[in-house]
Amino acid sequence: MHLYEEQKIQIYNTLSGKKEVFKPIQDGYVGMYVCGPTVYSNVHLGNVRTFMSFDMVFRYLKHLGYKVRYVRNITDAGHLENDADVGEDKITKKARLEQIEPMEVVQRYTVDFHNILKTLNFLPPSIEPTATGHIIEQIELIKMIIDNGFAYEVNGSVYFDVHKFNENHDYGILSKRNLEDLIHNTRALDGQSDKKNPQDFALWKRAEPQHIMRWPSPWSDGFPGWHLECTAMSTKYLGDNFDIHGGGMDLKFPHHECEIAQSEAAKKQAPVNYWMHANMLHLNGQRMSKSTGNVVNPNELLSGENTFFSKAFAPSVIRFFNAQSSYRSVLDLTDDGLLASEKGFFRLMDAINVLEELKAGDSSTFDVSEWRRKCYDAMNDDFNSPILIAHLFEAAKQINQIKDGNASLAPKDLELLKKTMNDFTFDVLGLVNVSKADTGTDKLAGAVELLIELRQQARANKDFALSDKIRDDLAAKGIQLNDGKDGTTFTTN
RNA sequence: GACAAGGUGGCCGAAUUGGUUAAGGCGUCAGUCUGCAAAACUGAUCUUUAUGAGUUCAAAUCUCAUCCUUGUCUCCA
């Protein structure tokens with residue numbers, strides 16, 4: 001018996017605009033694809049939010065016992081700088097600026113990307129394919145689309161014929177647009193395009209002589225169009241029709257719309273059953289933008305070396321902050337917001353640490369089964385992690401009451417509470433128990449304990465001037481003493 | 001300009017297929033603890049849901065208008 005047989009998930013499907021009961025194509029198996037980063041610069045914090053949301057989705061599906069194949073690509077080629085046949089993609093441009101090989105740029109930022117995700121406790125995807133590793137598949141796809149009459153070649157480049165496609169398909173089905181509106185609103189280009197219509201998009205681009213990244217093809221030495229990469233890699237590893245495709249809201253159009261068109265044109269079927277889109281991350285109420293300087297990168301957020309935040313934040317605090325809002329809402333990153341999340345996070349961790357020490361009683365004053373059901377209901381409702389967290393805090397309150405002797409749990413219920421708390425906090429939300437009671441090195445602990453002892457003596461002698469001096473001087477060094485019933489402990493920050 | 005998504009307490013954020021007292025966190029106040037604090041725990045506190053109309057027995061939730069924010073329309077998570 002797998003958990004997924006009793007827990008029915010509802011997913012908000014962008015395609016239909018409503019929540020739908022999730023039913024995988026193959027019972028017990030889930031294929032999920034998420035558009036990965038373009039590795040031409042440091043990964044964007046907003047990018048990280050999207051991946052973090054899907055990391056949680058991945059984790060929850062796995063928790064329910066699904067066998068999940070999670071594919072997240074690395075885009076290492078083929079992003080056109082613009083549409084006007086300049087023939088220089090972002091990776092090439094960066095390489096020229098920095099005087100290094102394109103693949104060196106790719107390598108550097110791929111490593112950087114992986115480091116950040118590891119720090120933030122991401123689970124690695126099942127497959128992480130690169131665009132440059134799938135040129136052959138992309139060429140094959142283009143051939144199919146041409147054979148089916150939905151693409152044309154001009155001067156060594158191949159374009160998708162959107163108008164032709166729209167005659168008996170719906171271009172705009174995902175983004176809720178129609179071609180007439182698009183025609184109306186497409187800005188006039190300089191007229192040097194080979195395209196029949198401005199709405200057409202490139203499947204293959206002929207490389208100009210100065211273009212370094214290039215591959216042979218039946219049409220020209222060139223490189224694949226951006227939208228095609230994801231279609232090639234997703235269908236190769238997940239099949240022509242798979243369960244979940246995710247990405248940032250801003251990829252809905254044109255990128256995902258084009259993926260649908262390409263699949264329909266090549267394979268004559270819709271590629272994806274559930275389209276999921278994560279919403280944007282703002283910084284202090286404004287969109288993040290390199291040009292206005294309203295941007296902070298993940299490393300700067302973690303290290304505290306930035307001008308936006310008052311301190312460094314632990315990776316789990318960032319995860320917790322993200323999980324406190326719905327993946328479908330715009331989330332505003334602010335100092336106040338992070339500080340509030342930090343306090344809440346530590347409160348939850350404290351409760352979990354207390355839980356480990358808790359002794360069972362004769363009977364239960366708290367309905368753990370009912371509470372557990374509510375936790376699952378929350379996640380089943382389109383991965384509503386904020387509600388889940390609200391329930392976790394409810395449990396935290398119960399835990400503290402048991403500790404104080406004002407409530408109790410029978411052994412069986414206590415075990416269920418422990419398991420459920422750990423499952424959701426660590427497995428599903430991906431938080432790491434960095435206890436605030438982290439006492440640093442043993443040497444430090446020994447020294448501080450000596451001071452605590454001295455202070456204890458001073459207090460016993462009512463020498464409060466000395467005891468307060470010890471307390472205040474330690475506090476000034478970032479060591480805080482916590483007086484409790486059973487003596488004094490300390491925490492560092 | 002077109003299309004799309006939103007505007008909820010001091011702050012962050014749930015609920016938006018209309019229906020018990022609008023989750024939870026932070027903050028604030030009080031209590032317990034303490035020599036006094038801090039920390040921790042317990043309890044309490046605040047909104048009537050951008051604005052203005054409308055539909056309904058009933059609206060944060062539906063409709064219309066206005067204002068504002070954001071996304072897409074060219075590469076972008």
Side-chain angles (χ1 to χ4, degrees), chain A residues 14 17-19 34-38 40 43-54 75 79-84 89-90 172 175-178 180-182 184-187 189 198-199 226 246-255 257 277-282 285-290 320-321 324-326 328-345 347-348 350-351 354 378 381 384-394 396-397 399-401 403-404 406 436 459-460 462-464 467-468 471-472 475 480-485 488-491:
Chain A
T14 312
K18 43 184 133 155
K19 288 178 191 168
V34 171
C35 294
T38 303
Y40 65 86
V43 64
H44 194 287
L45 196 57
N47 215 325
V48 170
R49 186 210 177 184
T50 299
F51 300 143
M52 200 178 276
S53 298
F54 286 104
T75 297
H79 269 205
L80 295 174
E81 187 68 15
N82 60 46
D83 218 12
D89 70 33
K90 280 190 173 172
S175 53
K176 312 284 183 284
R177 292 155 199 260
N178 62 61
E180 284 67 40
D181 288 342
L182 288 173
H184 213 72
N185 291 309
T186 304
R187 280 184 223 152
L189 294 167
Q199 293 75 38
W226 169 48
M249 199 74 102
D250 51 352
L251 290 185
K252 193 157 57 165
F253 188 90
H255 185 57
E257 196 70 60
H277 288 97
N279 217 322
M280 302 286 116
L281 181 70
H282 288 180
Q286 300 268 298
R287 69 167 298 190
M288 289 203 207
S289 157
K290 282 180 188 166
F320 188 74
F321 175 74
Q324 273 188 308
S325 81
S326 158
R328 285 198 286 134
S329 301
V330 174
L331 178 59
D332 191 16
L333 190 66
T334 62
D335 198 46
D336 285 348
L338 281 170
L339 288 170
S341 285
E342 185 177 52
K343 290 206 74 161
F345 169 71
R347 202 159 89 78
L348 187 63
D350 286 347
V354 167
D381 183 13
N384 197 330
S385 52
I387 295 290
L388 169 66
I389 289 174
H391 294 319
L392 295 183
F393 276 110
E394 192 192 326
K397 186 172 285 188
I399 290 166
N400 288 323
Q401 290 194 342
K403 182 191 167 197
D404 292 347
N406 296 324
K436 213 165 103 182
R459 290 172 74 195
K462 296 207 189 308
D463 184 356
F464 298 126
S467 71
D468 287 356
R471 179 217 284 163
D472 295 344
Q480 189 189 294
L481 301 185
N482 305 314
D483 294 331
K485 265 186 185 148
T488 301
T489 58
F490 73 98
T491 51

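Fair warning: this is a prediction, and the values are worked out from it, not measured in the lab.
Checked against side chain to side chain contact (heavy atoms under 4.5 Å, CB included), Thr488(A) has the following partners two or more places apart in sequence or in another chain: Ile452(A), Arg455(A), Gln456(A), Arg459(A), Leu481(A), Asp483(A). The side-chain hydrogen bond (donor to acceptor under 3.5 Å, both in side chains) check on Ser341(A) picks up Gln324(A), with sequence neighbours excluded. Checked against side chain to side chain contact (heavy atoms under 4.5 Å, CB included), Asn178(A) has the following partners two or more places apart in sequence or in another chain: Glu180(A), Asp181(A).
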_Generate the contact string for nucleotides 11-17 of chain B. Rules: B means base contact, S means sugar-phosphate contact only, - means no protein heavy atom under 4.0 Å._
--SSS--
*Would you give a per-nucleotide map of nucleotides 28-35 of chain B, 5' to 3', where B means the base has a protein non-hydrogen atom under 4.0 Å away, S means only the sugar-phosphate does, and - means neither?*
------SB
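Across all strands, His282(A) comes closer than 4.0 Å only to sugar-phosphate atoms, never to a base (heavy-atom distances).
Comparing the P positions of rU17(B) and rU63(B) gives an interatomic distance of 10 Å, to the nearest angstrom. When the C1' atom is compared between rA58(B) and rG6(B), the two are found 25 Å apart, to the nearest whole Å. Between rU28(B) and rA14(B), the two P atoms lie 24 Å apart (nearest whole Å). Taking the P atom of each, rC36(B) and rU51(B) are spaced 48 Å apart, rounded to whole Å.
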*Could you summarise the pairing of RNA chain B as dot-bracket text, marking Watson-Crick and G-U pairs under 3.5 Å with ( ) or [ ] inside the strand and | across strands?*
(((((((..(((......[....)))((((((.......))))))....(((((..]....))))))))))))....
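Note on Arg471(A) versus Asp468(A): salt bridge recorded, some NZ/NE/NH1/NH2 to OD/OE distance being below 4.0 Å.
The main-chain N or O of Gly337(A) is found under 3.5 Å from a side-chain atom of Thr334(A) such that the two form a donor-acceptor pair.
Using a 4.0 Å cut-off, no side-chain N or O of Arg177(A) falls inside it from OP1 or OP2 of rC73(B).
Summarising the geometry, the separation between NZ on Lys343(A) and P on rA39(B) is reported as 6 Å, rounded to the nearest angstrom.
Along RNA chain B, the nucleotide nearest to Ser175(A) and the one nearest to Pro37(A) differ in position, and the one closer to the 5' end is contacted by Ser175(A).
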